[in-house]
Amino acid sequence: MGARQKSRTVLLTGASGGLGNAIARLLAERGDRLLLQGRNVDRLEQLRRSLTDPERHRVLAADLLDSGGRRQLMQMCREEAGLDVLINNAGISRFALLGDLADRELADILHTNLLVPMTLTRDLLPLLEQSPEGAVINIGSAFGHIGHPGFTAYSASKAGLFAFTEALRRECADSGVRVHYLAPRAVDTELNTPAVRALNRALRNKSDTPAVVARQCADLLHRPSGQRRFIGWPERLFIKINALFPSLVDSALSKKLPVIRRYAKQGDLSGEVL
Ligand SMILES: NC(=O)c1ccc[n+]([C@@H]2O[C@H](COP(=O)([O-])OP(=O)(O)OC[C@H]3O[C@@H](n4cnc5c(N)ncnc54)[C@H](OP(=O)(O)O)[C@@H]3O)[C@@H](O)[C@H]2O)c1
């Protein structure tokens with residue numbers, strides 16, 4: 001267990017998911033008070049009961065795509081004595097070729113992964129600015145920096161989230177709120193369907209446990225200024241190469257394209273069948 005420290009109140013979106021769960025456990029162990037957001041109230045309650053000092057934490061079940069759900073969340077945050085940290089972690093993905101994505105799927109991915117963090121951050125900034133520990137952590141993805149076939153909408157949403165975070169960090173430079181960005185590579189959670197896991201095995205892509213990412217997230221809260229952090233080697237190197245010499249990455253990914261197309265077309269079949 002990590003050492004106890006000054007307690008912060010943290011709103012964590014997507015707490016019912018794989019990464020959210022690990023972040024919640026670690027921050028609760030370190031003495032933070034958590035507002036656990038997600039859609040699945042049973043999972044959230046189960047998580048809350050399993051945390052250190054369960055009675056200190058609150059569950060806020062709301063669909064963030066619904067304006068009523070977001071209003072309810074805001075209301076609950078304003079009822080708190082204060083809010084120190086917002087972790088925009090809720091997210092969705094869909095592994096498919098662009099032509100197979102319906103309008104609704106495109107909109108939901110951009111809305112959940114980009115517009116929701118933007119509106120939540122805007123609405124909660126006045127509360128965060130009142131805290132000497134005020135911070136925002138946006139959970140991005142390596143795919144926001146290496147546009148990946150089969151993940152066009154997801155890559156676009158996370159690239160947008162990175163640009164939003166960078167602009168906001170600079171906009172908040174004189175406000176005391178630290179604005180962080182954390183980009184994991186693949187993480188072992190339910191976000192990745194059997195088809196994605198089979199693709200990762202076929203391409204020998206490495207993945208991390210949620211606990212590894214949670215430790216990086218918790219560490220950001222000790223940083224005195226906003227940070228951008230990318231997890232995993234060699235992914236960090238690929239991100240730099242892609243920024244400087246994108247044609248090298250074009251060429252590497254075009255060799256993998258037949259495999260990516262095959263798995264994307266097979267959609268949600270089980271990894272064993274694939
Ligand atoms: N897993 C990876 O490989 C990976 C890699 C890089 C980055 N990331 C990022 O890490 C973050 C967490 O992902 P994860 O892997 O933990 O995925 P996950 O296990 O599928 O969890 C996603 C979470 O987001 C919540 N959520 C989704 N849509 C929502 C909505 N409309 N309203 C409210 N909550 C909503 C889910 O709530 P319910 O379950 O209650 O519906 C769940 O708590 C995401 O931003 C993801 O893009 C993941």
Side-chain angles (χ1 to χ4, degrees), residues 11-26 34-48 59-73 76 86-95 104-105 107-120 136-146 148 150-151 153-162 164-165 181-201 203 205-214 216-217 229-232 235-236 239:
L11 170 59
L12 172 64
T13 71
S16 43
L19 182 53
N21 214 280
I23 294 171
R25 283 180 196 291
L26 188 58
L34 291 157
L35 309 178
L36 303 162
Q37 185 283 328
R39 287 173 297 196
N40 185 325
V41 72
D42 293 338
R43 273 196 187 188
L44 291 168
E45 264 303 328
Q46 202 181 358
L47 170 65
R48 186 188 67 77
V59 158
L60 312 172
D63 185 341
L64 295 175
L65 290 184
D66 174 45
S67 57
R70 287 198 304 279
R71 264 200 308 279
Q72 207 185 347
L73 183 62
M76 291 173 108
L86 164 64
I87 304 180
N88 283 307
N89 167 69
I92 56 172
S93 180
R94 170 99 155 84
F95 174 39
R104 182 59 191 263
E105 289 177 300
D108 281 356
I109 291 169
L110 288 170
H111 198 166
T112 308
N113 297 356
L114 179 57
L115 275 178
V116 163
M118 291 175 74
T119 52
L120 280 187
V136 177
I137 300 182
N138 289 330
I139 304 294
S141 164
F143 282 3
H145 309 274
I146 303 177
H148 200 285
F151 294 91
Y154 184 75
S155 293
S157 69
K158 294 295 186 176
L161 185 66
F162 174 73
F164 165 66
T165 312
Y181 175 82
L182 180 63
R185 60 180 173 185
V187 189
D188 307 323
T189 70
E190 288 175 11
L191 186 83
N192 296 321
T193 58
V196 176
R197 276 181 253 133
L199 175 74
N200 284 338
R201 280 196 299 275
L203 298 183
N205 291 337
K206 293 186 186 154
S207 64
D208 291 307
T209 62
V212 165
V213 183
Q216 294 285 334
C217 184
R229 193 171 285 189
F230 305 90
I231 300 177
E235 288 76 5
R236 286 206 303 276
I239 287 168

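Residue numbers count from 1 along this sequence. Both ligands and their constituent atoms are indexed starting at 1 by order of listing.
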For [atom], which protein heavy atom lies nearest, and how many Å away is it?
atom: atom 34 (N) of ligand 1; answer: Gln37 NE2, 3.7 Å
atom: atom 11 (C) of ligand 1; answer: Asn89 O, 3.0 Å
atom: atom 7 (C) of ligand 1; answer: Gly140 O, 3.1 Å
atom: atom 22 (C) of ligand 1; answer: Gly91 O, 3.6 Å
atom: atom 37 (O) of ligand 1; answer: Ser16 OG, 3.3 Å
atom: atom 41 (O) of ligand 1; answer: Arg39 NE, 2.7 Å
atom: atom 48 (C) of ligand 1; answer: Leu191 CD2, 3.6 Å
atom: atom 5 (C) of ligand 1; answer: Arg185 O, 3.1 Å

- Message: With heavy-atom distances below 4.5 Å as the criterion, would you say the side chains of Leu191 and Tyr154 are in contact?
- Response: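 Yes, their side chains come closer than 4.5 Å.
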- Close side-chain approach of Phe143 and Lys158, heavy atoms under 4.5 Å: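 Contact flag for Phe143/Lys158 side chains = no.
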Out of all atoms in ligand 1, which are within 4.0 Å of some heavy atom of [X]? Include the element for each.
X: Asn40; value: 40 (O)
X: Asp63; value: 30 (C), 31 (N), 32 (N)
X: Leu65; value: 31 (N)
X: Asn192; value: 1 (N), 2 (C), 3 (O)
X: Ala62; value: 32 (N), 33 (C)

Mark yes or no for whether [X], through its side chain, and [Y], through its backbone, hold a donor-acceptor pair below 3.5 Å.
X: Asn192; Y: Val187; result: yes
X: Thr13; Y: Ala90; result: yes
X: Asn113; Y: Ile92; result: yes
X: Thr112; Y: Gly91; result: no
X: Gln37; Y: Leu12; result: no
X: Lys206; Y: Ala186; result: no

- Query: Got a sec: does the CD of Glu105 have more than 12 other heavy atoms crowding it under 6.0 Å?
  - Reply: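 Enclosed: over 12 neighbouring heavy atoms sit under 6.0 Å from CD of Glu105.
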With respect to [X], determine whether any N or O atom, backbone or side chain, lies less than 3.5 Å from an N or O atom of ligand 1.
X: Arg43; result: no
X: Ile92; result: no
X: Ala186; result: no
X: Gly14; result: yes
X: Leu19; result: yes

Is it true that [X] lies under 4.0 Å from ligand 1, counting heavy atoms only?
X: Tyr154; result: yes
X: His111; result: no
X: Ser93; result: no

N/O donor-acceptor pairs under 3.5 Å from side chains in residues 63-73, not counting sequence neighbours:
residue	atom	partner	partner atom	Å
Asp63	OD1	Leu65	N	2.8
Asp66	OD2	Gly69	N	3.0
Arg70	NH1	Leu64	O	2.7

- Only one of Thr209, Asp208, Val213, Asn200 clears side chain to side chain contact (heavy atoms under 4.5 Å, CB included) with Asp188; which?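 Running side chain to side chain contact (heavy atoms under 4.5 Å, CB included) over Thr209, Asp208, Val213, Asn200 with Asp188 returns exactly one hit, Thr209.
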- Aromatic plane relationship, Phe95 with Phe151 - under 30° parallel, 30 to 60° tilted, over 60° perpendicular: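 Ring orientation of Phe151 relative to Phe95: parallel.
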- Task: Would you tell me which option among Leu60, Leu161, Thr112, Ile139 has the nearest heavy-atom contact to atom 9 (C) of ligand 1?
- Result: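 Of the listed residues, Ile139 has the closest heavy atom.
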- Please determine, by modelled atom types, if Asn40 and Ser16 share a side-chain donor-acceptor pair under 3.5 angstrom.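 No, Ser16 and Asn40 have no side-chain donor paired with an acceptor closer than 3.5 Å.
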